[in-house]
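The structure under discussion appears below in the form of structure tokens.
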Number of protein chains: 2
Amino acid sequence: MPEKLYELDERKQRVLKAVIDDYIESAEPVGSRALARKHDLGVSPATIRNEMADLEMLGYLQHLHTSSGRVPSSKGYRFYVDGLIPPKPVSDEEKALIDRWYKSRVQRIDQVFEETARLISAITKNISLVLAPQMTQAQFRCLQFLPLDSRRVITVLMTDAGFIENKILEMPDGAEFEDFQRMAAVINENLAGHTLKSIEHHALAQIRDEIRDEGLYDSALSIIQRALDSGKQERLYLGGTTKMLEQPEYHDVEKVKHMLMTLEEEELMKDILRAHIGDGLEVTIGQENEDSHFKDSSIITATYHLDGELLGTIAVLGPTRMEYAKAMSLLEYMNNNLTNVIKRFHW
Amino acid sequence: MPEKLYELDERKQRVLKAVIDDYIESAEPVGSRALARKHDLGVSPATIRNEMADLEMLGYLQHLHTSSGRVPSSKGYRFYVDGLIPPKPVSDEEKALIDRWYKSRVQRIDQVFEETARLISAITKNISLVLAPQMTQAQFRCLQFLPLDSRRVITVLMTDAGFIENKILEMPDGAEFEDFQRMAAVINENLAGHTLKSIEHHALAQIRDEIRDEGLYDSALSIIQRALDSGKQERLYLGGTTKMLEQPEYHDVEKVKHMLMTLEEEELMKDILRAHIGDGLEVTIGQENEDSHFKDSSIITATYHLDGELLGTIAVLGPTRMEYAKAMSLLEYMNNNLTNVIKRFHW
DNA sequence: TGTTAGCACTCTTAAAAGATGAGTGCTAAA
DNA sequence: TTTAGCACTCATCTTTTAAGAGTGCTAACA
């Protein structure tokens with residue numbers, strides 16, 4: 001049966017696309033009559049009924065109740081996303097909006113991520129997630145100490161991606177600020193250009209040799225350690241928890257509560273995003289989600305890079321009935337844009 | 001009529017208190033029979049009915065519909081809060097929880113505020129707002145420059161309350177890093193101990209005299225300006241948007257959406273909190289709120305201080321039917337506690 | 001053989017009608 | 001002044017009814 005290869009003939013595909021387009025727009029189960037009226041498929045409702053029955057048998061559509069129209073299944077959406085989806089590029093107005101938005105709101109680099117999340121939510125009316133770069137991927141640029149008082153110094157750590165972290169440290173007994181400055185010189189010489197990750201594992205040994213003083217070395221070690229620590233975790237920015245209420249799927253407070261509580265589990269959400277990291281755009285639909293919390297949600301992720309280095313992930317999370325075309329092209333655009341915006345903070 | 005002075009005799013007060021206690025707990029309009037059963041007031045439902053009718057005439061209670069029990073009015077809550085409220089101190093377990101919470105989660109000072117908001121929401125199941133100190137109130141401690149590359153320096157600004165802000169700046173043409181260091185010395189000598197606010201207005205003139213170079217002075221000025229800018233605004237931390245869904249008042253998505261959208265207007269919320277700043281605990285109930293968005297909400301605020309200096313405000317925002325006793329004592333406790341926690345970051 | 005019209009049937013949703021019950025207000029008696 | 005009693009009001013819950021959208025199947029048609 002060569003039919004097997006192309007399970008869906010051209011008309012079935014047209015019907016499927018029409019059903020999904022309709023459902024995405026209306027959030028109501030779609031019936032044969034309405035379908036025949038809106039999209040002119042050139043056949044009668046009865047024929048469409050037959051096609052829909054076939055599509056249901058094949059698993060692309062679902063019946064909620066014996067009566068009442070059909071709704072796409074995960075498999076249906078999958079086929080739609082993989083082949084039927086109409087391109088819906090980001091409009092010029094939207095591009096202009098995005099540009100203006102960044103220009104007016106972003107000062108510090110963490111605001112880039114915050115505003116990116118907000119922007120994605122504003123445009124897609126869905127929840128957005130932005131996983132900001134692990135600083136471990138970033139390269140060490142320099143570490144400086146500033147005297148604070150007789151017992152403390154401020155450690156300022158910089159990476160090549162424009163991140164600056166600071167931390168107040170107690171000086172060990174007997175140490176002078178000059179010792180710290182000497183240490184900084186040694187450290188900077190040895191570590192410049194290394195990724196933060198590799199610092200942890202290798203480069204410290206060399207420093208040990210150069211700093212003769214055991215006690216000072218130990219505190220240097222713990223200082224770097226602690227300075228790195230705060231930069232180590234990826235940060236997750238969340239947007240659109242208000243916007244999502246506009247989706248009819250969340251007109252029930254219980255569902256909202258459930259979703260918000262899930263989103264609050266930051267580690268879980270990070271894991272999910274990390275698991276989705278692939279190259280470019282990745283769409284995970286309903287049942288395809290491993291986590292049971294998201295069996296009726298879809299997640300679209302895009303990973304952004306800088307000079308070939310993986311930096312992070314941006315994502316849209318919403319009901320399976322989602323404007324995939326729009327969300328996907330937006331993420332793609334934001335993806336490229338984000339790289340540019342970050343570069344402004346990069347030197 | 002001496003009665004006028006004490007509009008409510010002792011029994012009326014007991015009835016009012018019982019009604020409010022009941023309503024706060026159940027969120028259902030309370031009727032005379034149920035009241036007589038639960039609280040033993042020693043009189044029959046009929047008598048209570050009469051008392052309630054009086055209380056309604058006097059404006060302390062309200063009728064939703066001809067039938068169905070009574071609900072407290074803003075005036076009723078006001079009387080309750082001012083005189084009837086049963087003390088409900090923070091329990092030892094809660095104190096322990098708070099202590100552990102801070103110890104395990106707080107590293108940087110901004111986390112203090114973030115976690116304070118989260119904690120208040122967790123305990124009161126209501127929205128919490130924390131208005132973090134204006135850094136303008138804080139005292140300038142020192143400003144340091146760090147070389148970044150040939151064209152840029154990193155500016156690090158410290159205040160006595162432990163805030164550190166940093167910012168990357170372009171060096172003006174012809175300037176050397178040594179110039180910046182010289183400038184830092186001048187600036188530090190002149191500004192140490194001044195509040196950030198006063199710096200803006202006064203102290204800069206002296207610096208002008210000491211730094212002879214006009215061009216350098218201008219850039220110094222803009223540097224300080226920009227470094228201060230980011231610290232100038234008060235920051236608002238918001239917590240409990242998920243927790244609020246547990247209140248029956250927010251079982252309607254439209255109300256939730258409305259509230260969340262209002263909360264998103266950061267400047268509006270800041271203004272409201274600023275307007276509420278008084279000494280110690282302040283309770284604003286329902287209609288007493290000037291902003292129309294909060295006519296059926298209550299806001300409890302507490303301001304926290306450090307060494308007599310106003311630092312900021314913490315607040316609980318919820319439906320008028322709120323556990324005032326609990327929220328008030330919690331805020332009072334957090335208030336003191338916050339001062340201690342902040343002191344850890346203070347030197 | 002694929003397409004279509006027709007029709008019985010299903011099931012949801014909305015509106016109407018009734019039943020229940022909590023609560024009030026008033027009157028009259030204690 | 002307090003209380004019991006009773007008629008009355010409304011919200012709410014359940015049941016009933018009606019309407020409408022949609023399906024599935026059969027038979028006719030091109």
Side-chain angles (χ1 to χ4, degrees), chain A residues 1 3 6 8-16 18-20 22-23 25-73 76 248 251-252, chain B residues 1 3 8-16 18-20 22-23 25-73 76 248-249 251-252:
Chain A
M1 294 222 269
E3 277 295 315
Y6 303 101
L8 303 183
D9 61 34
E10 198 263 344
R11 192 171 69 188
K12 279 194 176 48
Q13 294 190 15
R14 283 227 314 278
V15 172
L16 179 59
V19 171
I20 296 183
D22 220 60
Y23 184 64
E25 195 190 320
S26 70
E28 300 287 324
V30 344
S32 55
R33 182 159 4 186
L35 211 60
R37 225 177 295 136
K38 280 199 215 171
H39 313 253
D40 51 86
L41 296 165
V43 290
S44 75
T47 308
I48 293 176
R49 267 206 292 288
N50 290 332
E51 295 289 37
M52 283 167 85
D54 289 354
L55 285 167
E56 181 169 1
M57 292 258 285
L58 293 167
Y60 294 93
L61 295 180
Q62 281 174 329
H63 240 188
L64 298 182
H65 307 280
T66 306
S67 170
S68 199
R70 258 103 173 181
V71 158
S73 66
H251 275 12
D252 171 28
Chain B
M1 294 221 272
E3 277 291 315
L8 304 184
D9 60 35
E10 197 264 343
R11 192 171 69 189
K12 280 196 176 49
Q13 294 190 14
R14 284 227 315 277
V15 172
L16 179 59
V19 170
I20 297 183
D22 220 60
Y23 184 64
E25 196 192 320
S26 70
E28 301 286 324
V30 343
S32 56
R33 182 161 2 193
L35 210 62
R37 224 177 294 135
K38 281 199 213 169
H39 313 254
D40 53 89
L41 297 165
V43 290
S44 74
T47 308
I48 294 177
R49 266 206 293 287
N50 290 331
E51 295 288 37
M52 284 168 84
D54 290 354
L55 285 167
E56 181 170 359
M57 292 256 288
L58 293 166
Y60 294 91
L61 295 179
Q62 282 175 327
H63 240 189
L64 299 181
H65 308 280
T66 305
S67 171
S68 201
R70 258 101 174 182
V71 157
S73 66
E249 277 80 356
H251 275 10
D252 170 27

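Keep in mind that this is a model prediction, so the values were computed, not measured. Naming: A, B, ... by sequence-line order, numbering from 1 per chain. All values below come from the heavy atoms of this structure, side chains included, with hydrogens, waters and symmetry mates left out.
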Drop me the distance from A:K12's NZ to A:L61's CG, to the nearest 0.5 angstrom. 11.0 Å

Stepwise, does the side chain to side chain contact (heavy atoms under 4.5 Å, CB included) test hold for B:V43 with B:V15? CA-CA 10 Å; B:V43 290; B:V15 172; over 6 Å; no

Please list, in numerical order, the residues of residues 34-41 of chain B that have a heavy atom closer than 4.0 Å to any atom of DNA chain D. none

Reading 5' to 3' through nucleotides 13-18 of chain C, protein heavy-atom contacts under 4.0 Å coded B for base, S for sugar-phosphate only, - for none: ------

Is the shortest heavy-atom distance from the side chain of B:V71 to the side chain of B:H63 under 4.5 Å? no

Is there a side-chain contact between B:Y60 and B:V19 in this structure, where contact means two heavy atoms from C-beta onward sitting under 4.5 Å apart? no

Separation of atom CG in A:D9 from atom P in C:dT1, rounded to whole Å: 17 Å

I'd like to check the side-chain hydrogen bond (donor to acceptor under 3.5 Å, both in side chains) partners of A:E56; sequence neighbours left out, ordered by chain and number. A:R70

Atom-to-atom span, CD of A:Q62 to C1' of D:dG22 - whole angstrom: 17 Å

Work out how much the helix from C:dT1-D:dA30 to C:dA30-D:dT1 bends between its end axes, five pairs an end, to the nearest 10 degrees. 20°

Going by heavy atoms in the side chains, are A:E51 and A:L16 under 4.5 Å from each other? no

Rounded distance [0.5 Å steps], CG in A:L58 versus OG in A:S73: 10.0 Å

Just how far is it from atom CG of A:D9 to atom CG of A:D54, taken to the nearest 0.5 Å? 8.5 Å

Student check: side-chain heavy atoms of A:L64 and A:P29 closer than 4.5 Å: yes

Under 3.5 Å, N/O pairs linking protein and nucleotides 23-25 of chain D:
unit_1: D:dT23; atom_1: OP2; unit_2: A:S32; atom_2: N; d: 3.3
unit_1: D:dT23; atom_1: OP2; unit_2: A:S32; atom_2: OG; d: 2.8
unit_1: D:dG24; atom_1: OP1; unit_2: A:R70; atom_2: NH2; d: 3.3
unit_1: D:dG24; atom_1: OP2; unit_2: A:R70; atom_2: NH2; d: 3.2
unit_1: D:dG24; atom_1: N7; unit_2: A:R49; atom_2: NE; d: 3.2
unit_1: D:dG24; atom_1: O6; unit_2: A:R49; atom_2: NH2; d: 3.3

To the nearest Å, give me how far apart CD (B:E51) and P (D:dT3) are. 10 Å

What is the separation between atom CZ on A:R11 and atom P on C:dG2, rounded to the nearest whole Å? 10 Å

Please report, to 0.1 Å, the donor-acceptor pairs under 3.5 Å made by any side chain of residues 30-42 of chain B, with sequence neighbours excluded.
unit_1: B:S32; atom_1: OG; unit_2: B:R49; atom_2: NH1; d: 3.2
unit_1: B:K38; atom_1: NZ; unit_2: B:D22; atom_2: OD1; d: 3.4
unit_1: B:H39; atom_1: NE2; unit_2: B:D22; atom_2: OD1; d: 3.2

Calculate the interatomic distance between B:L61 atom CG and C:dG23 atom C1'; express it in whole Å. 14 Å

